[in-house]
Asks: 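Have a look at this one before I ask anything.
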Amino acid sequence: MKFFLPLTACAVLLFGCSNMTKTSSIQPPHAEKKPFTMEEHGHLRIDNYYWMRDDQRQNKDVIDYLTAENHYKEAQFDAYNALQKILFQELTSRLDQNESSAPYFWNDHWYYSRYQSGEEYPILARKKNLDSTEEIILNVNERAQGNEFYGLGDTSVSPNSQLLAFTEDTLSRRIYTIFFKDLKNSKYLKDKIEGVEGNIIWANDNQHIFYIAKDPQTLLGFQVFRHKLGTQQSEDVLVFEEKDDTYYLELGKTLDQSLITLSHNSTITSEVSILDANQPLSSFSPILPRTEGHEYTFEKEGDDFYILTNWQAKNYRLMKVAANQANNQQSWKEVIPHDDNVLIEDYLILKDYLVYQTRENGLNHIKVRPLDDSQEFELPFDDAAYVASLEINTLQNTEKLRIAYSSPTTPESIFEYSLGTPASESLTQTRRLLKQDNVLGGFKSDAYQTERLFITARDGAQVPVTLVYRKNLFNKDGKNPLYQYGYGSYGYTIEPHFSSSIISLLDRGFVYATAHIRGSDMLGRHWYDDGRILNKKNSFNDFIDVTQSLTARGYADKNKVVASGGSAGGLLMGAIINQSPEQYFAVASHVPFVDVVTTMLDESIPLTTNEYDEWGNPNNKIYYDYMLSYSPYDQIKAQDYPHLLVTTGLHDSQVQYFEPAKWVAKLREYKTDDNLLLFETDMEAGHGGKSGRYRRYQDTAKEYAFFLGLLGFDK
């Protein structure tokens, strides 16, 4: 085992020394080596663990190996089961057992969800008026009964409010089945549609729905079908088929309910097709045919379309055009111009207002522009770091606006603003708090401090970092443990939001850092482009440079740095421990994408072809060479590695279980240390881990127990 301080120093350490060492009598599983040769661009690779891939999840040798790893993990974790139970109790005790959402009005009902004490899943309900009798439209606990995993996908009430369509997944493979319920008599219809994406849309005739069918091998949603109630799935009509397997499909509906939308999205290109919701037997037609590199979305207001586009605008601009002229870009008129320093993220058209959300210098801004061209104004937010976004706004003909807000020290809050007419009083004087998550256990916001830093990366880039810690346990003296989290892919930004879970770390003296590394949209679209394809290594360098800077500035003890990431963030973890293992005491890598080259060369693996614009297509040598140079699986070397906890789900649809399984086997072969390497496969779960409001905290408690146990905490 790697010790950073002599044993005699243990007694004076603030947090104690690790006693979660590998039990000598318990040996890790030995994975058999079966050489498999791959050649690309004249380059040979030998994969000794390729045999672990079993698309059917039935191969005895594979299942036996995964089971042996689970047993080894359980044996090594035995000393910390008590700590995990303490943490699980802490994490779940902060939840309000009777939590409910802020009701929203749609058509003729107020809709909301609520939990009942001790139940894992919500109850979906509605009322005619807020003080009238509740009508339960779906008790998800009843639907989940008897299933080890249960995932509720989309729920959609018909326009006449009499029928409910919903999707559910009981395998955790993100392959859904559609069911229908008659809300007049609470009876389920016989209609059942299998093998679909999670989202569904009603036509306005209350008789037809549209859904997306999945390819069972690649798991890509590639066909749009129309289903008529009372008929068999075999009779459903194919209305659209996506021929380009680099695109995802998604169905939606305009705020005024007049159009059904079909979005076609690849990494850097998009297209939107529309269909008259009152004419479900008609066909989808594109607003503007796709052009490589052009991304756009639209919102409808009356006879006009508002189009958010990156056409001659890297950070997007907002345009307006008559709906019947939308396919002519020369007819588009600029409403909000492009700004190199401002990313336009979202927008909403109300009857008298354009509301739009931007990101400037990494922080959200929400601005309100009256449609009569009077002075626009901005909502003020006071925290050093926060996330603000447009919430559920179901009506267009309204002057009410809902905003969601949270910060690392402010629980999720829903505010409603009464905008009135453009000439009315200031927006900030009409704000009303509708709902704030209730955090139990004596949580007090002012006991914690949020900081926002910019750290200079090795190439001079300024990387935003959000920090939060408990004030009375932090002195910036270099003694605190550090938990660092990152993602950095797909333009997805890890927001500085509130998490009740991390209180368990903060109250034990941790500094919690979110590194907003390149590959996200945190500083605009250039920040994303600087962390993808041939710039991907910037993401890894940023994360490591943040770690080094935080410890150098006294925010944390360099010997007590732990890091965590999942999926593409798991790739991040794999890259940093190959590159700078000495920087990290322990690392958790969840459902990690670590066998980058092999996966991206195999189009039969789910969701591969959609990723070419993110990682590169390794059939092209320049991308092959670059990806190979950082691929965590390919870059394992004989060196010391940190303590490692690796998790996966057997039925993961996003990152197949065999990637982390192979990675762990190869790490065991090469690593030169005695640090713990624990690997757990959830035989029932997929990419998102366990289902259920409480059960999902088992995974968090496990990770925290791993880190805390290694650092010497026993409670």
Side-chain angles (χ1 to χ4, degrees), residues 267-268 310 313-316 338-345 358-365 384-387 450-468 482 484-496 511-556 558 561 563-565 568-580 582-584 596 613-616 622-623 626-627 629-630 632 635:
T267 304
I268 59 169
N310 70 343
K314 192 174 190 65
N315 278 337
Y316 302 97
H338 173 256
D339 189 325
D340 284 334
N341 299 312
V342 178
L343 175 68
I344 304 176
E345 294 185 312
T358 65
R359 189 177 296 274
E360 303 173 33
N361 203 29
L363 290 178
N364 297 130
H365 296 256
Y386 60 85
V387 53
T450 298
E451 287 190 44
R452 186 167 180 263
L453 307 176
F454 281 85
I455 286 175
T456 303
R458 64 194 68 183
D459 64 354
Q462 297 296 301
V463 182
V465 181
T466 302
L467 300 176
V468 60
L482 173 69
Q484 186 171 317
Y485 181 78
Y487 187 74
S489 293
Y490 303 106
Y492 180 76
T493 298
I494 303 297
E495 302 285 8
V511 173
Y512 188 101
T514 303
H516 306 291
I517 57 180
R518 278 173 280 189
S520 74
D521 268 347
M522 176 57 84
L523 296 181
R525 290 302 281 180
H526 81 279
W527 199 245
Y528 168 48
D529 288 338
D530 285 349
R532 70 180 180 95
I533 46 178
L534 297 177
N535 295 318
K536 187 63 214 167
K537 291 181 185 178
N538 286 334
S539 303
F540 317 140
N541 295 341
D542 287 354
F543 193 89
I544 293 167
D545 294 345
V546 166
T547 303
Q548 292 174 332
S549 181
L550 291 177
T551 56
R553 296 186 189 194
Y555 281 98
K558 67 179 182 179
V561 178
S564 179
L571 168 117
L572 171 68
M573 295 299 104
I576 66 167
I577 64 172
N578 280 338
Q579 184 175 331
S580 294
E582 73 284 353
Q583 299 289 329
Y584 303 95
V596 183
D613 287 326
E614 180 69 26
W615 312 105
I622 189 173
Y623 294 116
Y626 188 79
M627 294 161 70
S629 72
Y630 69 76
Q635 291 303 316

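Because the structure is predicted, anything quoted here is derived from the model rather than measured.
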Asks: Look up atom OG in Ser539 and atom CG in Leu571, then write down how far apart they are to the nearest 0.5 Å.
Replies: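 Reported value, rounded in 0.5 Å steps: 8.5 Å.
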Asks: Identify the two heavy atoms, one from Ser489 and one from Trp615, that lie closest to each other, and give their separation to 0.1 Å.
Replies: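 Between these two residues, the closest heavy atoms are OG-CH2, 3.5 Å.
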Asks: May I ask you to decide if Thr493's main-chain N or O and Asp521's side chain share a donor-acceptor pair within less than 3.5 Å?
Replies: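 Side chain of Asp521 to backbone of Thr493, a donor-acceptor pair under 3.5 Å: no, none is there.
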Asks: Is any side-chain heavy atom of Leu550 closer than 4.5 Å to a side-chain heavy atom of Val561?
Replies: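 Side chain of Leu550 against side chain of Val561, heavy atoms only: no contact under 4.5 Å found.
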Asks: Verify, without hydrogens or angle tests, whether Tyr386 (side chain) and Leu363 (backbone) share a donor-acceptor contact under 3.5 angstrom.
Replies: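 Pair absent, no side-chain N/O of Tyr386 close to backbone of Leu363.
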Asks: What are the two closest heavy atoms between Asn341 and Asp339, and how far apart are they?
Replies: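 Where Asn341 meets Asp339 most closely, the heavy atoms are N-OD1, 2.8 Å.
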Asks: Can you tell me if Glu614 uses its side chain to pair, donor with acceptor, with the backbone of Tyr490 under 3.5 Å?
Replies: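 Here the side-chain-to-backbone pair exists.
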Asks: Donor-acceptor pair, distance only, cut-off 3.5 Å: does the side chain of Arg532 make one with the backbone of Asp613?
Replies: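 A pair under 3.5 Å: yes.
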Asks: Minimum heavy-atom separation for Ala385 and Pro496, please, with both atom names.
Replies: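 Looks like CB-CB, 3.9 Å.
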Asks: If we only count heavy atoms from C-beta on, is the Tyr584 to Thr547 side-chain gap below 4.5 Å?
Replies: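 Side-chain contact under 4.5 Å: yes.
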Asks: Within the side chain of Ser520, is there an N or O that forms a donor-acceptor pair under 3.5 Å with the backbone of Ile517?
Replies: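 Yes: the side chain of Ser520 pairs with the backbone of Ile517.
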Asks: Please determine whether the number of non-hydrogen atoms from other residues, nucleotides or ligands lying under 6.0 Å from atom CD1 of Ile622 exceeds 12.
Replies: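 Not more than 12 within 6.0 Å, no.
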Asks: For the OG atom of Ser564 and the OH atom of Tyr512, what is their distance to the nearest 0.5 Å?
Replies: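 Atom-to-atom, Ser564:OG and Tyr512:OH are 7.0 Å apart.
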Asks: Report yes if some heavy atom in the side chain of Leu572 is under 4.5 Å from a heavy atom in the side chain of Tyr485; otherwise report no.
Replies: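 With C-beta onward as the side chain, the pair stays apart.
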Asks: May I ask you to decide if Gln579's main-chain N or O and Gln635's side chain share a donor-acceptor pair within less than 3.5 Å?
Replies: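 It does not hold such a pair.
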Asks: Within the 4.5 Å heavy-atom criterion, are Leu343 and Trp527 side-chain neighbours or not?
Replies: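 A side-chain contact under 4.5 Å is absent here.
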Asks: Are any non-hydrogen side-chain atoms of Leu523 and His516 less than 4.5 angstrom apart?
Replies: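 They are not in side-chain contact.
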Asks: Would the distance check show the side chain of Asn315 and the main-chain N or O of Gly524 forming a donor-acceptor pair, the cut-off being under 3.5 Å?
Replies: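 No, the answer is negative, given that no donor and acceptor are paired below the 3.5 Å cut-off.
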Asks: Would you give the length of the straight line joining atom CD of Gln484 to atom OG1 of Thr551, rounded to the nearest 0.5 angstrom?
Replies: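 With rounding to 0.5 Å, CD (Gln484) is 9.5 Å from OG1 (Thr551).
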Asks: Distance check, rounded to the nearest 0.5 Å: Ile576 atom CD1 versus Asp542 atom CG?
Replies: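 The CG atom of Asp542 is 12.0 Å from CD1 of Ile576, to the nearest 0.5 Å.
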Asks: Measure the spacing between CE of Met522 and CD of Glu495 and express it to the nearest 0.5 Å.
Replies: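 Answer rounded to 0.5 Å: 6.0 Å.
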Asks: For the pair Tyr555 and Leu453, evaluate side chain to side chain contact (heavy atoms under 4.5 Å, CB included) and give the outcome as yes or no after the intermediate values.
Replies: CA-CA 12 Å; Tyr555 281 98; Leu453 307 176; 3.7 Å; yes
Asks: Whether the side chain of Tyr630 engages the backbone of Lys537 through a donor-acceptor N/O pair (distance < 3.5 Å, no angle test) should be reported.
Replies: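 Absent.
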Asks: Please report the interatomic distance NZ(Lys558) to CG(Leu482), rounded to the nearest 0.5 Å.
Replies: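 Rounded to the nearest 0.5 Å, the NZ-CG separation comes to 14.5 Å.
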Asks: Which heavy atom of Glu345 sits nearest to which heavy atom of Thr358, and what is that distance?
Replies: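 Minimum heavy-atom contact is OE1-O, 3.9 Å.
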Asks: In the structure I gave you, are the side-chain heavy atoms of Arg452 and Asn361 within less than 4.5 Å of one another anywhere?
Replies: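 With C-beta onward as the side chain, the pair touches.
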Asks: Minimum heavy-atom separation for Ile533 and Tyr626, please, with both atom names.
Replies: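 That would be O-CE2, 3.1 Å.
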Asks: Let me see the working for Gln462 and Thr456 under side-chain hydrogen bond (donor to acceptor under 3.5 Å, both in side chains), right down to the final yes or no.
Replies: CA-CA 5 Å; Gln462 297 296 301; Thr456 303; 2.8 Å; yes
Asks: Would you say that Arg518 contacts Asp459 through its side chain, given a criterion of any heavy-atom pair below 4.5 Å between the two side chains?
Replies: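 Counting from C-beta outward, Arg518 and Asp459 do come under 4.5 Å.
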Asks: Just wondering, do Asp529 and Lys314 contact through their side chains at under 4.5 Å, heavy atoms?
Replies: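 Result yes, sub-4.5 Å side-chain heavy-atom pair found.
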Asks: For the OH atom on Tyr492, are there more than 12 heavy atoms of other groups (residues, nucleotides or ligands in this structure) within a distance under 6.0 Å?
Replies: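 At most 12 heavy atoms, drawn from other residues, nucleotides or ligands, come within 6.0 Å of this atom.
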Asks: Locate the shortest heavy-atom distance separating Tyr528 from Gly519; write the atom from each residue and the value.
Replies: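 Minimum heavy-atom contact is CD1-O, 3.2 Å.
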